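Note that the coordinates shown come from a computational prediction; the quantities given were computed from them, not determined experimentally. For the numbers below, each heavy atom of this structure counts, side chains included, while hydrogens, waters and symmetry mates do not.
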Amino acid sequence: MPIAHTLGFPPLGAHRELKRATESYWGGEVPQTDLLKTGAELRAAHWRLQRDAGMDLIPSNDFSFYDRVLDTCALVGAVPERYGWAGGTLDVDTYFAMARGAQQRGRDVTAMEMTKWFDTNYHYIVPEFDRGQTFHLASSKPIDEFQEAKAAGIITKPVLIGPVTFLLLGKTRAARFDRLELLDALLPVYADVLSRLVAAGATWVQLDEPCLALDRTDAEREAYARAYRMLAQRVPQARILLATYFAALDENLGTALSLPVQGLHVDLVRAPRQLDRLLEAWPARGGRVLSLGVIDGRNIWKADLAAALSQLERAQARVGGESLWVAPSCSLLHVPVDLDLEQRLDAELKGWLAFAKQKLAEVATLARALRGGREAAAKELETNARAVASRRTSSRIHNPAVERRAAGVTERDLRRASAHAARRRKQLPLPAYPTTTIGSFPQTAEVRAARRQLHDGKLAPAAYEAFIEEQIRKTLRLQEEIGLDVLVHGEFERNDMVEYFGEQLEGFAFTEHGWVQSYGTRYVKPPIIFGDVSRPRPMTVRWSTFAQAQTTQPVKGMLTGPVTILQWSFVRDDQPRSETAKQLALAIRDEVRDLEAAGIRVIQIDEPALREGLPLRRVDWAAYQDWAIDAFRLATAGVKDETQIHTHMCYSEFNDVIRVIERMDADAISIESARSGSELLDAFREYKYPNEIGPGVYDIHSPRVPSTEEIVVALNRMREVLDDHQIWVNPDCGLKTRGWPETLAALRHMVSAAREMRAAAGAAVARR
């Protein structure tokens, strides 16, 4: 009979228990045993929750203390030499040093690179590979966690990142070579893990191969065939569910169906069109399982269960009920844990939503309807149909004035009056290698406590504003003392760079406990865009003008761009995302104009998610790039030449879109390059970026403090491919998560490095 299963569950805990335990361990407040105990308690709770919700097959090894790709590095011993690992079982502190870097007890090592997991806002740690690298089993985590669940009476489905996807997600370091050259060395470790899992009693193992749903070469498809032939030969008793998601298999369908695996999972939420071809090509021979992801694992809207059931019934007629599995489209990592915790949402809106726990119920309902017919789940299906109809017909969703304004946007609204070179002559005079930061400064426990007290009614608004004013004054004084050229107000009034703006825009709703993991222990609460978006009043002018009045140096106005607000929210799915982006752009455009009118001469509109939103298939890139770039230009093009527009991007593969970034026409862009070893700069060897750019000179997601000499080396690398007048000097991201001592030390070193570069640039001019 059809069974219900999940591909993965959020590890953080409904009340962020994992964050507190991990950060307490990092801070030396609790021993390692306490951290491991919290992990075990969360795993057990999540297994029970899924079992009680009606899941027939529950995942294990989907839990991680930091990141599942990093876990895979630990599993196969892919540990870069700089961490001084002697082999054997990888220890917890080396694991965290790989994720965050370390600078203590005589150890000074940088973190591994971090980038976006496909087109999500989740960040994974990028594996580092060397030619001739060897692998060996260095962690028993998948086996240990399977046995944990078994001891609790639950036979789970262990989940691993598949071997080909693992290699394709990594990067080569010392020398460029085909990562798939390492496949034959890697596969014996996977075979060993599969053998141990089978011996422990695992009936199924899920191998995640999302890269198979992307554009692949013939050689890469052959690597998949070789890998799974070898695993089938080495461990014939292992029953493998190969899981793809985020895109359609398309031209890779033949490869997927030819692999010697016992089951295949596909994503019908992101790629519903692939079902017809999949069913037509499905092999007539029995025994293979087809898992259909029909519940959205990446958004929070209640599913249309009747529509999903129609898809499943078609599949059941073709493959048979005994071979059909029902699942979310992907791991539930990307959605909050439990809607039942929410007290802030009104009843109507709450009735439209489903978080991870509620999505389990949706999966269980669909499986029950397949087993016993629609009448077996009639009540649940009827309740769902009413909720779906309520959302579709609600008057809260549409605002005719907003829709008319968006329809009236013209090409002229997307262009600044003059080209960058002409604008730059009218803008602020600054020294060579001007220094700035990305925007936020440390959000200390004191700042968070004040915000919480305001929220709870324990601190009067006037007292809170006085507190924020003092934080801004202090931070401006520190920046002046350090010697930064363009200052920021520090963003102490902001809870999150997207949530803060969403709270002031129409068409948004917010949760109290809707946390999702962005990276490591960094969790965010994405706003919910349920209707047409507009800006009823200025959002940032009060604090920007207050800050500018405290200093004679320029203070940047700080905004989040339309594409990033879109990407980092749970977005309505009843209209094209491009239309929602246009509405957001018009709201930001109004704010930009108000900042300019208030005397703010430098305005930064951050778009770190621009690359993240790029479709996974290249055939879809041009259409996305057009509307995403248009949204940024619509937000920024209404200002005078004298106003300098900055933007910021981070933690994505920007080499793919560097020429598109030029079309944004920002006067200056700051961009992450510290963790990637300035890999981005290689693009500038062939492509002359015309405007100004600040490739990040140090990694703010690591607690280590870079030296002045280290930053000078980074700047000299930039100088090889950029002109002196183009380069800004800045960290690679905001400083919100750092502490004050390390922040001030790093910025002092950064300013010292910029001054050295100015002196060198001046000497070079004098010699000419």
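A salt bridge is defined here as a Lys NZ or Arg NE, NH1 or NH2 lying under 4.0 Å from an Asp or Glu carboxylate O, and R542 with E493 fails to meet this definition. With salt bridges taken as basic N to acidic carboxylate O contacts below 4.0 Å, none links K582 and D413. Residues R473 and E470 are paired through a salt bridge, judged by an N-O separation under 4.0 Å between the basic side chain and the carboxylate. Checked for salt-bridge contact, K350 and E342 miss the test: no charged N lies under 4.0 Å from a carboxylate O. Between R391 and D573 there is a salt bridge, since at least one side-chain N of the basic residue sits less than 4.0 Å from a carboxylate O of the acidic one. D532 and R572 are joined by a salt bridge, as a carboxylate oxygen and a charged side-chain nitrogen come within less than 4.0 angstrom of each other. Salt bridge present: R522 and D496 bring a charged side-chain N and a carboxylate O closer than 4.0 Å. The existence of a salt bridge linking E512 and R344 is excluded, since no basic side-chain nitrogen approaches an acidic carboxylate oxygen closer than 4.0 Å.
Distance check, rounded to the nearest 0.5 Å: OG of S440 to NE2 of H489 gives 10.0 Å. Note that CG of L487 is 8.5 Å distant from CZ of F441, once rounded to the nearest 0.5 Å. D296 contributes atom CG, which lies 9.5 Å from atom CG of L332 (distance to the nearest 0.5 angstrom). The OG1 atom of T545 sits 9.5 Å away from atom CD of Q550, with the distance rounded to the nearest 0.5 Å. Atoms CD and CG, on E612 and D119 in that order, are 7.5 Å from each other to the nearest 0.5 Å.
Taking the six-membered ring where the residue is Trp, W301 and W352 present tilted rings, their angle falling between 30° and 60°. Taking the six-membered ring for Trp and thresholds of 30 and 60 degrees, F510 and F508 have nearly parallel ring planes, at less than 30 degrees apart. Using bins of under 30°, 30° to 60° and over 60° for the plane-to-plane angle, the ring pair Y25/F96 lands in the tilted bin.
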Discussion item. Please determine whether side chain to side chain donor-acceptor pair (under 3.5 Å) holds for the pair H648 and Q604, giving the CA-CA distance in whole Å, both sets of side-chain angles, and the decisive distance to 0.1 Å.
Written reply: CA-CA 8 Å; H648 170 67; Q604 181 173 307; 5.4 Å; no

Discussion item. Quick one, D67 with Y122, criterion side chain to side chain donor-acceptor pair (under 3.5 Å). Give me CA distance, side-chain angles, the key distance, then yes/no.
Written reply: CA-CA 9 Å; D67 165 55; Y122 177 78; 2.6 Å; yes

Worksheet item: For Q567 and N121, what are the C-alpha separation, side-chain angles and deciding distance, and is it a side chain to side chain donor-acceptor pair (under 3.5 Å)?
Response: CA-CA 8 Å; Q567 286 294 127; N121 187 33; over 6 Å; no

Discussion item. Using side chain to side chain contact (heavy atoms under 4.5 Å, CB included), reason through R100 and W26 one step at a time and then give a plain yes or no.
Written reply: CA-CA 10 Å; R100 308 172 65 237; W26 290 344; 3.3 Å; yes

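For the pair F355/D338, no side-chain contact is recorded, criterion being any heavy-atom separation below 4.5 Å from C-beta on. A 4.5 Å side-chain heavy-atom check between F501 and T564 finds every atom pair outside the cut-off.
When each of D641, T643, D665, N691 is paired with R423, the side chain to side chain donor-acceptor pair (under 3.5 Å) condition holds for D665 and for no other. Tested against D667, the residues Q644, H646, Q427 include a single side chain to side chain donor-acceptor pair (under 3.5 Å) partner, Q427.
Shown here is K474, whose NZ atom has more than 12 heavy atoms of other residues, nucleotides or ligands within 6.0 Å.
A side-chain donor-acceptor contact under 3.5 Å links T435 and D485.
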